[in-house]
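Atoms within each ligand, like the ligands themselves, are counted from 1 in listed order. Excluded from the calculations below are hydrogen atoms, water molecules and symmetry mates; all remaining heavy atoms, backbone and side chain alike, are included.
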Amino acid sequence: MPTKLEALQQYFGYREFRQGQEEIIDAILSGRDTVGVLPTGGGKSLCFQLPALLMPGITLVVSPLISLMKDQVAFLAKNGICGAYLNSSLTYRQYRAALYNAKEGRYKIIYLAPERLHTPEFLEFAKQAQISMVTVDEAHCISQWGQDFRPSYLKIASFLKELPYRPVVSAFTATATPKVREDICSLLSLREPYLAVTSFYRKNLSFKIQKTQNKLYDFHELMEKYRGKSGIVYCITRKSVRQLCFALQLWGFPATRYHAGLSSEERKENQEDFISGKSPIMVATSAFGMGIDKPDVSFVIHYHMPKDLESYYQEAGRAGRNGEKADCILLYDMLDESRNRYLLYLSEEKAGLSPEMKEVVVRQNEARLQAMAFFCHTSECLNHYILRYFGEQFPTSCGTCSNCHSSFQETDITKISRKILRHLKKLPSIYEIWTLCDLFLGIIKRVRRIPFSFHEKRAYGIFKELDREWLREVVFYLVHEGYLSLAGRPNPVLSPGERAQELENRKHIVTMKMPVKPAAPKAPPVTWKPMERTKNPELFKRLFDLRIKLALERGIAPPYLILSNASLEAICERLPRTPKELLQITGVNEEKQAQYGEEFLDVVSQYVQEQGGAAKG
Ligand code: ADP
Ligand code: MG
Ligand code: ZN
């Protein structure tokens, strides 16, 4: 028998263990149940593969990731380790053959989907075989508190009971809040498990929340900053993957895409293009990234807010694997929560759980979504917030995240909070955060198509002098602190929270840290190649972006069908002010004038105004 260090070199070709690996391997080899919580890419596979080799008999690895099992087994084979996988991708004959070989003792490691455990054939095999260890990979799937609950994982414990003797059980995950860790230990019936948690803190990542009113525009500006670098752009729907990838290609970025709706050939090809650097920018849904190990990703942009911090941290964590500085930016706008809520209810419809189970899962999902949304509004150090969420103490502030870089001012919001609450109590309970703010600001005409009641009219415009963003932050904060409560489906509405009556006490004071707005930044340098010929490059860029926005909104591809580059250049040249002047531009006909005229003219007049202002100032 080789020692563990010899095995590390001989089978895996590594010289030393990474953080956490050795202690986990030691615990397993001493026969103790073990839970390993290591970040994605931290090297969890080795923690069970290596002891599997050193123990007599077979190790069963339960994993939900059917698509990765084959790769894992191929990886083992390359290193001279005999393994197999049992899942629904095998034909019945292949399955029988694999099971036969397993009975003959030809495999050291067998990967299998959790559903397989209780099939009679497999059980019969398992009862006779010498199973030294059962490993549960992606173990958070067992918990309803986790982001990816799979009921089939709950049956692992009963499988263990069926065995004539109990093997060592080890469990691994990259994301486990303290509650999820407890669930892993209790639902797998672990016996005094050794718990190894390595820190999730990633020193080289700078986190940033960027609030935006115009995502596409800000996204473009951001991407220009990263020209020439490799990065991943995450969105939450397949449709937006398609659109953004398309937009990036138009802007001249080498982008490719990935989502579960593509054919497996295209997924494979695009993934390879990304890893090889042929298309260093990947636009993808959360389906992308499992098992991907590209070290030089220098930015991860979330075009949409993800459904929970577990997903966020895992996806953002794909940046900077090589230890170099990397940026993780989340573009946040007011639609992000409702978008996610919609998807959340939609996905639970499909999951096929019992009604009670579904209710529990939906509630957990809502709570996690809320924690994610608060992350986008917090004034706390972002690293602090994330690590606390995962049950880790982080003593100082990181100094690199967008909150550490902003200055905040402690602001007394007692008066405004009281006023909000006073009015809210009399309003019908149909107000979400955004609609409530817009009522107070006096910028909506009605809510849910019902004419305003007496009290709504009284609340209308009471804060019309306030900044919209500012007011929203206040309301968010009041929810976070429990003065207001946000509940209901599908769209949660506001009501007084459990701490509401504290505000009735005249001595009670509410303060909040508010970002001090920096002086308006100078216009960033424009790096835009195709426009060198044009007269007003900045205007060209805006027209170009408007064209993409219109094309995306109306599903027109390619966007030059809206107006050609020549037309855009002519607009830059002649700066039309009226529909009549616009009609004289080459390529603009009555039809286009009617469809898009107004929006193009708006951009031009805005630009001309700014220029006029700049010339005077
Ligand atoms: P995860 O924790 O996400 O499951 P993996 O087990 O897939 O991570 O490992 C991530 C990468 O790290 C793999 O390429 C693996 O070969 C590599 N790796 C694991 N352990 C070591 C080590 N001790 N030295 C060097 N590379 C390692
Ligand atoms: Mg893994
Ligand atoms: Zn920070």
Identity and distance of the protein heavy atom lying nearest atom 14 (O) of ligand 1 | D293 OD2, 3.1 Å
Are a donor atom and an acceptor atom from the side chains of S199 and E392 found within less than 3.5 Å of each other?
-> yes
What is the closest protein heavy atom to atom 15 (C) of ligand 1, and at what distance does it sit?
-> Y14 OH, 3.4 Å
Protein residue, atom and distance nearest to atom 10 (C) of ligand 1, heavy-atom basis | G41 O, 3.7 Å
Less than 3.5 Å between some nitrogen or oxygen of F17 and one of ligand 1, yes or no?
-> no
Would you kindly say whether D327 and Y226 are connected by a side-chain donor-acceptor distance under 3.5 Å?
-> yes
What residue and heavy atom of the protein are closest to atom 9 (O) of ligand 1, and at what distance?
-> G43 CA, 3.5 Å
Give a yes/no verdict on whether any heavy atom in C47 is under 4.0 Å from an atom of ligand 1.
-> no
Please find out if the Zn ion (ligand 3) and some N, O or S atom of H384 are separated by less than 2.8 Å.
-> no
So, E265 and K268, do they make that salt bridge, N to O below 4.0 Å?
-> no
Got a salt bridge between K155 and E115, using NZ or NE/NH1/NH2 to carboxylate O under 4.0 Å?
-> no
Is the F274-Y258 ring centre distance short of 6.0 angstrom?
-> no
Does any N, O or S atom of C398, backbone or side chain, fall under 2.8 Å from the Zn ion (ligand 3)?
-> yes
Side-chain ion pair, E310 and R368, N-O less than 4.0 Å | yes
Ligand 1 contact by E16, heavy-atom criterion under 4.0 angstrom | yes
Mind telling me whether Y313 and F390 have parallel, tilted or perpendicular rings, with 30° and 60° as the class edges?
-> tilted
Taking 4.0 angstrom as the limit, do R150 and E138 come out as a salt bridge?
-> no
Residue P39 vicinity, atoms of ligand 1 by number, heavy atom under 4.0 Å = 2 (O)
May I ask which of K44, R18, Q314, Q21 has a heavy atom nearer to atom 20 (N) of ligand 1 than the others do?
-> Q21
Only heavy atoms count here, so choose which of A174, P295, S45, G317 is nearest to atom 6 (O) of ligand 1.
-> S45
